[in-house]
K.L.:
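Dumping the structure here so I can ask a few things about it.
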Amino acid sequence: MNLTHELLLALKARGATEIFGIPGDFALPLFGAMEKSGVLPLHTLSHEPGLGFAADAAARARGGLGVAAVTYGAGALNMINPMAAAYAERVPLVLLSGAPAVHEADSGLLLHHQVKTLDSQWRLLEEVTVDRARLDDARTAPALIARVLDQALRRAGPVYLEIPRDMPMQACEPVGSSPAEVVDTERLAACADELLSRLRQARRPFMLVGVEIRRYGIEEKVAELARRLNIPLATTLMGRGLLNQTGCAALGTYLGLAGDHELCEQVESSDGLLLLGAIVSDSNFAVSSKRIDFRHAIRVWQGQVEMGHHVYQAIPIAELVDAMLLRLPASPACSAPVQQAAPPNLPAAQELPAPDEAVSPAAIASALNQMMLAHGPMPVACDVGDCLFTALDLLPTDLLAPGYYATMGYGVPAGLGLQVATGRRPLVLVGDGAFQMTGWELGNARSLGCDPIVVLFNNSSWEMLRTFQPESHFHDRGEWDFASMAAGMGGKGYKVATVEELVRALALAHAERGRFQLLDVRLPPGAISPTLRRFVAAVKRLSMPDAG
Ligand code: TPP
């Protein structure tokens, strides 16, 4: 078999179910070989950032690897931002890039797409990948492929494989697995014992979970752990939607001052705060009402555990959770699901404003909640902007969003990637500014077999930025008629200005399958969600405590 075929089999063995790609001449042999092999379907999109976000969402939504394939230089460098997002938010995204053949470097000519040197691309990608390899020798390729792909899963991060254009059809041996990493069982046992004893000693233990528990596929086990420990649990902003399918309802999402006050108090006053797989970032913790003293918290993150002044290195989170479960046998006394009650900070799902009122972000959340209550939850792919704060007011449902790295342009391609990888119809939430970046990928929905419902928060403005700095005028984006563009891209558009129009358009959009549905929701100037208002006020108060 050839190198491409073996590579695709290795990707498939690690959970990949498709490849998103845009070819170029350096990648044509790779794409030709991928198409011929038929191991994984190849889906083309329009712009590389869209590819990256679609492949990222595929990995986040179904587990296993997400895969994007591009050409050298112009293609691969367009992928830097999605790769950076995947690095920051711990997504096992594989980038396959074509490249010049080894002998082409000897021509004495600069090659097209070359930046500074032929390995500029390699060096740029080094910064945003957890491992990488150049497959320029078919004899060493199987071991390199195994190492790099396994690292993507073990370290939950993006990786890069560079494939010179004379390599894709070369004969190649099958790809095995890289040697398993050996966990020091004594260290693991000591760590699990110390962690449990700290939790037992705490008077107000609390568990805050983050994205790693999804990346490592341990949500069920963490739900069981919470039940056996019998301690309250919430998600971080980034972890919104976690544990949804486990029957273990979290108490909500910790948003500091921007969120539920009772939950904020519980988290911040805990003397045994277990941060399980949570990114300790400003989006998760910057708006705390009082500064959390992380020295007294227990942080399980990126393969290490920090407790007070102890640091246990090389402790994989999945093994740690297993070790804790082993020490906490289920007993009738503590096996009752402690988190069964309705979470206290659920939004008021049914409160819709009067039908003739102008739409607001809060009304969008209510209308979407009503729709999901009536027809069942839909997975949400969300962009950055007020749509993300509005998503926090939705009833518990799966949420994909770049909540920490906060890149715009994620929502629409992520919705496509989510539906391709899982078959589930998504709800996409996006602002007009972000839609202007990658919304055009919707034109590919039909060929991908996707029919997302897209709710476009059209305020003719970069409104979130305006909220931070209202005195500036550069936030204006002008009025774009997105609803009427939908038909030209193979979808159905709705122009929505009142609550009544919103409810009607959502009902029609939900009822129609087979093409994308775009609700162009016209928001009046200054109409922002209550959560964004609180978030901005809290950030301003904390960053400028002396200001007015
Ligand atoms: N460019 C990228 C790729 N990502 C970013 N986060 C930004 C710029 C900075 N930024 C953050 S929010 C925002 C900008 C430009 C405005 C978002 O506008 P829109 O999508 O219309 O949503 P709204 O704020 O109006 O809700």
Side-chain angles (χ1 to χ4, degrees), residues 47-54 56-57 77-89 128 237-238 258 281-283 286 358-365 368 380-394 400-415 428-442 454-470 472-483 485 496 518-537 539-540 543:
H47 194 204
E48 285 83 2
L51 282 188
F53 295 143
D56 168 300
L77 298 191
N78 258 339
M79 281 286 299
I80 296 283
N81 188 48
M83 293 291 278
Y87 189 94
E89 301 197 354
V128 291
L237 185 155
M238 275 294 302
S281 68
D282 56 355
S283 47
V359 185
S360 63
I364 295 176
L368 292 175
V380 175
C382 189
D383 221 294
V384 168
D386 199 14
C387 56
L388 181 54
F389 291 95
T390 303
L392 301 177
D393 283 333
L394 294 181
L400 298 186
Y404 156 48
Y405 182 71
T407 177
M408 288 165 73
Y410 185 82
V412 166
V428 173
L429 307 185
V430 57
D432 54 317
F435 192 89
Q436 287 165 17
M437 293 185 177
T438 55
W440 315 110
E441 297 291 1
L442 276 180
V454 181
V455 179
L456 203 165
F457 291 52
N458 188 357
N459 47 27
S460 306
S461 159
W462 290 322
E463 193 63 24
M464 180 168 147
L465 296 187
R466 190 191 303 281
T467 314
F468 279 99
Q469 192 167 298
S472 301
H473 298 285
F474 48 71
H475 309 300
D476 294 337
R477 296 304 302 141
E479 198 177 312
W480 293 41
D481 184 1
F482 297 101
M485 297 174 198
V496 168
L518 178 64
L519 276 65
D520 179 357
V521 183
R522 306 295 172 94
L523 293 165
I528 61 169
S529 68
T531 310
L532 175 58
R533 198 176 299 286
R534 286 197 300 270
F535 184 82
V536 172
V539 168
K540 281 187 172 172
S543 59

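Order of appearance sets the numbers: ligands from 1, and atoms from 1 within every ligand. Remember, predicted model here, so these are calculated numbers, not experimental data.
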K.L.:
Between Thr390 and Thr531, is the side chain to side chain contact (heavy atoms under 4.5 Å, CB included) condition met? List the steps.
P.N.:
CA-CA 7 Å; Thr390 303; Thr531 310; over 6 Å; no
K.L.:
Just need the protein heavy atom nearest to atom 6 (N) of ligand 1, so name the residue and atom and give the distance.
P.N.:
Ala406 O, 2.9 Å
K.L.:
What do you reckon, is OH of Tyr405 surrounded by more than 12 foreign heavy atoms closer than 6.0 Å?
P.N.:
yes
K.L.:
Write out the residue and atom name of the closest protein heavy atom to atom 10 (N) of ligand 1, then the distance separating them to 0.1 Å.
P.N.:
Met408 SD, 3.5 Å
K.L.:
With heavy atoms only and a cut-off of under 4.0 Å, state how Asp432 meets ligand 1: side chain, backbone, both or neither.
P.N.:
both
K.L.:
Heavy atom of Gln436 under 4.0 Å from ligand 1?
P.N.:
no
K.L.:
Looking only at atom types and distance, does a side-chain atom of Glu89 sit under 3.5 Å from a main-chain N or O of Tyr404, one as donor and one as acceptor?
P.N.:
yes
K.L.:
Can you find an N or O of Cys387 that's nearer than 3.5 Å to an N or O of ligand 1?
P.N.:
no
K.L.:
Of all the non-hydrogen atoms in the protein, which one sits nearest to atom 24 (O) of ligand 1, and at what distance?
P.N.:
Met464 N, 2.7 Å
K.L.:
Checking side chain to side chain contact (heavy atoms under 4.5 Å, CB included) for the pair Phe457/Ile528: CA distance, chi angles, key distance, verdict?
P.N.:
CA-CA 10 Å; Phe457 291 52; Ile528 61 169; over 6 Å; no
K.L.:
Looking at ligand 1, does any of its N/O atoms fall within less than 3.5 Å of an N/O of Glu463?
P.N.:
yes
K.L.:
Name the closest protein heavy atom to atom 26 (O) of ligand 1, giving the residue it belongs to and the distance to 0.1 Å.
P.N.:
Asp386 N, 2.8 Å
K.L.:
May I ask you to check if ligand 1 and Ser461 share an N or O to N or O distance below 3.5 Å?
P.N.:
yes
K.L.:
Specify the protein heavy atom at minimum distance from atom 18 (O) of ligand 1: its residue, its atom name, and the distance to 0.1 Å.
P.N.:
Trp462 CD1, 3.3 Å
K.L.:
Go through the steps for Arg522 and Phe482 under the test side chain to side chain contact (heavy atoms under 4.5 Å, CB included), then give the verdict.
P.N.:
CA-CA 10 Å; Arg522 306 295 172 94; Phe482 297 101; 6.0 Å; no
K.L.:
From Ile364 CD1 over to Leu519 CG, what is the distance, rounded to the nearest 0.5 angstrom?
P.N.:
9.0 Å
K.L.:
Of all the atoms in ligand 1, which lie at a distance below 4.0 Å from a heavy atom belonging to Met437?
P.N.:
1 (N)
K.L.:
Give a yes or no on whether the backbone of Ser461 and the side-chain of Asp476 come within a donor-acceptor separation of less than 3.5 Å.
P.N.:
no
K.L.:
Can you check which of Gly433, Gly409, Gly385, Ala85 brings a heavy atom nearest to atom 21 (O) of ligand 1?
P.N.:
Gly433
K.L.:
With heavy-atom distances below 4.5 Å as the criterion, would you say the side chains of Asn81 and Pro49 are in contact?
P.N.:
no
K.L.:
Report the C-alpha separation of Trp480 and Met485 in whole Å, then their side-chain angles, then the decisive distance to 0.1 Å, and conclude whether the side chain to side chain contact (heavy atoms under 4.5 Å, CB included) test is met.
P.N.:
CA-CA 9 Å; Trp480 293 41; Met485 297 174 198; 4.2 Å; yes
K.L.:
Of the side chain and backbone of Leu465, name the one, both, or neither that has a heavy atom under 4.0 Å from an atom of ligand 1.
P.N.:
side chain
K.L.:
Does only the side chain of Arg477 get under 4.0 Å from ligand 1, or the backbone, or both, or neither? Count heavy atoms.
P.N.:
neither
K.L.:
Just by distance, do the side chain of Asp386 and the backbone of Ser529 share a donor-acceptor pair under 3.5 Å?
P.N.:
yes
K.L.:
Quick test: of every protein heavy atom, which one is nearest to atom 20 (O) of ligand 1, and how far off is it to 0.1 Å?
P.N.:
Ala434 N, 2.9 Å
